[in-house]
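Step one of this worksheet: look at the structure below.
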2 protein chains.
Amino acid sequence: MRETPIPARKRVMKNRPLADSDKTPTIKEVAKRARTSIATVSYVLNNKDRYLRPELRERVLLAAEELGYVKNAMASSLKGQRRGILAVLVPQFGNNFFTRICVEVEAIAQRAGFVVTICNSDENPAQERSILDRLLAQRIDGCILSPALSRSETAILLERHQVPCIILERTLDAATPDFDFVGHDNFQSGYLATRKLIEAGHRRIAFIGWDSPIPNIHDRKNGYLAAMGDCGLTPSDGWLHLDELTVEGGRRAAERLPFSEITALVIAHHHEMAKGTLLTLQERGISWPRDLSLVLIGTPEWHDLLRPSLACIQRPEEEMGRAAATLLLKKLHDPRHREPRSILPVTFLEGGSIRSIS
Amino acid sequence: MRETPIPARKRVMKNRPLADSDKTPTIKEVAKRARTSIATVSYVLNNKDRYLRPELRERVLLAAEELGYVKNAMASSLKGQRRGILAVLVPQFGNNFFTRICVEVEAIAQRAGFVVTICNSDENPAQERSILDRLLAQRIDGCILSPALSRSETAILLERHQVPCIILERTLDAATPDFDFVGHDNFQSGYLATRKLIEAGHRRIAFIGWDSPIPNIHDRKNGYLAAMGDCGLTPSDGWLHLDELTVEGGRRAAERLPFSEITALVIAHHHEMAKGTLLTLQERGISWPRDLSLVLIGTPEWHDLLRPSLACIQRPEEEMGRAAATLLLKKLHDPRHREPRSILPVTFLEGGSIRSIS
DNA sequence: CTGAAAGCGCTAACAT
DNA sequence: ATGTTAGCGCTTTCAG
């Protein structure tokens, strides 16, 4: 921890201090103002089922109101209450796919009375680790983790510290004990994309994907290969390219495609990479679906704005977010709660980027 | 608070318990293992400049390491240490504009040793309020707030509870004391967009924008009007439409445009609304820049993927995020620190959507 | 040089 | 029906 130490907030006199005091009031001051004990205040504010004279209850509530009392969550959590914080740790904050998931998680967590800490490991295991230390220090109630690597120390540490944890989208390798998991069907997305092109009469289909360290990402490629195989097709050399998940990576992969041989292309990642590929196609004057039929895995904002629009494989981001959040909440109620790995299906979204050549 | 109470995490025996115990170890256990006092452990772990025998120091470090000790941030913060949590409260989590800002804030906060809680008020003041209560309960160290309404109770409460706070992008009304502020120049974005169209020879320029409750959003419209005025132009009735910030709103506004009269259009919001407008143009066979020249305020992912590409006003999201985060960190060090409102300039991004009719 | 102990604000068992 | 009090895990003053 080489960070600059930051002193605790100083208590400076302000124009409009809180109530009479200059600091945010504690249960003790509420008790004083209500002329009762702190225990009573605690009972009232937590709505415990201890019987109290309604009049007293009222007095406490009023005092709290007047002082602008806000319970100190860390003091309660020291006494074994929940912290009220859930964490989501994702590898690509800027990626729509994860953003959509986070939005849902946040919404559900909010309704359950939590705040959500969203952290970005930026595909960097070291950073993931250092974030984890902070999350553990915060004693978060639970975590949704989409790991940067398949051999994730992070997940193991969460388990070790008994923090309920859901693994999101990316699978850990076999050495890692099995965690609760919510993801989408990568294999099916590759399979379905390819299948739709085959159904439109294509035989010479290329594939551009991410050269990822995460094993189940490669299921998209496997889905592509399987769909080809099921129809007796074999990709030639140079039809399949894996590269970085960046605009540049998408460009490089596109540059390498043998356009004279192929009639169709599966673009397996919608983020920056797909953008690079499409820009390259545009710049080289290769238009879809005339020169090349396309299916994209993922639904970027622009999928239906491009002309012709893109045929896409839609992943259930919202549903994934809800599933992960709901499962996590269940585990908070009962840490032993387990559910089978939930691998959500994808759907095909029609678009104008497939030319039928049957 | 009608949320279901959730019990604190139960302590269940696990396959691989933490060290010898079944719970995450405390400073006390580290002290025991290092055969010293908790005070010494605290001094060592916080690297305070109390002199200790190197051997003792080593022993403590080793014990902590072996036990997998992680400091409990809430216990320390009870003793007046900083909390380690910053909050960002935005009104539209799904909007790229805010996402890009959040990414930067998160990155900077991370480097300073904080975790970031990102909350979405969804343009809903009541929700904003209930989130605020939770953030106050967490005793967050600081907050970056982009309020859902211009008369923001939220900001006032933060001030009242002496939480350092930066207002982001949206201005509060005059009744609210002046807060530290980071935003972009809405007026200039409207002005520049319009100006560029005028320079290309356009005179009959329409404007589509958001019918927002936030005052400074309307500066975009004012910029448009000023640019027109400066060139002796007056928008006719029906050239200016404000509507909801949704795909539907963008469609409705577009439907109302008098296409036979106008030659150019400023689309003042890049989010869903712009998408609605563009979809409507496409569906009605109005192509840019042939039938209509376009300038868009904002740079959605797709601005350079569309053909022709869109001319845009680029807002400095990354810079805004960095500015807000940096300013907030400064205020943590010195709560009295003030800086003049920082209103960052926008830039024009060339695109193929402007036809020169000079 | 190091340790004991007083609290930070809260909850809940244990008095009364 | 309500109040007293013992901690939760930590930091820091004060005493050895």
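Across the interface with DNA chain C, nearest-nucleotide mapping of A:Ala39 and A:Lys28 shows A:Lys28 to be the residue nearer the 5′ end. Residues B:Ala75 and B:Tyr43 each lie close to DNA chain D; by heavy-atom proximity, the contact nearer the 5' end of the strand is made by B:Ala75.
Side-chain to base pairing of B:Lys79 with D:dG9: no donor and acceptor N or O lie closer than 3.5 Å to each other.
Helix bend of the helix from C:dC1-D:dG16 to C:dT16-D:dA1: the angle between its two end axes, each built from five pairs, comes to 50° after rounding to 10°.
Taking atom CZ of A:Arg83 as the reference point, atom P of C:dG9 lies 19 Å away to the nearest angstrom. The CG atom of B:Asp49 sits 14 Å away from the P atom of C:dT2 (whole-angstrom rounding). For the pair A:Glu29 CD and C:dC10 P, the computed distance is 9 Å after rounding to whole Å. Rounding to whole angstrom units, NZ of residue B:Lys71 and C1' of D:dC8 are separated by 17 Å. Atom NZ in A:Lys48 sits roughly 8 Å away from atom P in C:dT11 (whole-Å rounding). D:dG9 atom P lies 16 Å from atom CG of A:Leu136, rounded to whole Å. Counting to the nearest Å, the P atom of D:dC10 and the CG atom of A:Leu78 are 9 Å from each other. One interatomic measurement links the two molecules: CG of B:Asn47 to C1' of D:dT12, which rounds to 16 Å at whole-angstrom precision.
The line from NE2 of B:His161 to CG of B:Leu135 is 12.0 Å long, rounded to the nearest 0.5 Å.
Across C:dG3, D:dC10, C:dC8, the shortest atom-to-atom separation from the side chain of B:Ile38 is found for D:dC10. The side chain of A:Tyr69 has C:dC10 as its nearest neighbour among C:dC10, D:dC10, C:dC8.
Judged purely by atom type and a 3.5 angstrom limit, A:Gln127 has no side-chain atom pairing as donor or acceptor with the backbone of A:Asp122. In terms of modelled atom types and a separation under 3.5 Å, the side chain of A:Ser76 and the main chain of A:Asn72 share a donor-acceptor contact.
Note on B:Asn46: a side-chain N or O is less than 4.0 Å away from OP1 or OP2 of D:dT11. Between A:Ser42 and C:dT11, a side-chain N or O to OP1/OP2 separation shorter than 4.0 Å is present. Regarding contacts with the backbone of D:dT12, a side-chain N or O of B:Gln81 is found under 4.0 angstrom from either OP1 or OP2. Between B:Ser37 and the phosphate of C:dT2, there is no side-chain N or O to OP1/OP2 separation shorter than 4.0 Å.
Exactly one residue among A:Ile144, A:Leu168, A:Leu327 makes a side chain to side chain contact (heavy atoms under 4.5 Å, CB included) with A:Asp180. That residue is A:Leu327.
Ion pairing between a basic and an acidic side chain is recognised when a charged N comes within 4.0 Å of a carboxylate O; B:Arg129 and B:Asp133 show such pairing.
Evaluation of the side chain to side chain contact (heavy atoms under 4.5 Å, CB included) rule for A:Ser121 yields A:Leu89, A:Pro91, A:Glu128, A:Ala148 as partners, not counting sequence neighbours. Residues meeting the side chain to side chain contact (heavy atoms under 4.5 Å, CB included) test with B:Ile27, sequence neighbours left out: B:Ile38, B:Val41, B:Ser42, B:Tyr69. Under the salt bridge (charged side-chain N to carboxylate O under 4.0 Å, His left out) criterion, B:Arg50 pairs with no residue at all, not counting sequence neighbours.
B:Thr36 comes within 4.0 angstrom of sugar-phosphate atoms only, judged by non-hydrogen atoms across all strands, and of no base. Using a 4.0 Å heavy-atom cutoff across all strands shown, A:Ser76 reaches sugar-phosphate atoms only and no base atom.
The minimum heavy-atom distance between B:Ser146 and B:Glu169, with the atom names listed, is OG-CB, 4.2 Å.
Against DNA chain D, the stretch residues 50-60 of chain B makes heavy-atom approaches under 4.0 Å through B:Arg50.
Listed by first and then second residue, the salt bridge (charged side-chain N to carboxylate O under 4.0 Å, His left out) pairs involving residues 54-64 of chain B are B:Arg53-B:Glu55, B:Glu55-B:Arg59 (not counting sequence neighbours).
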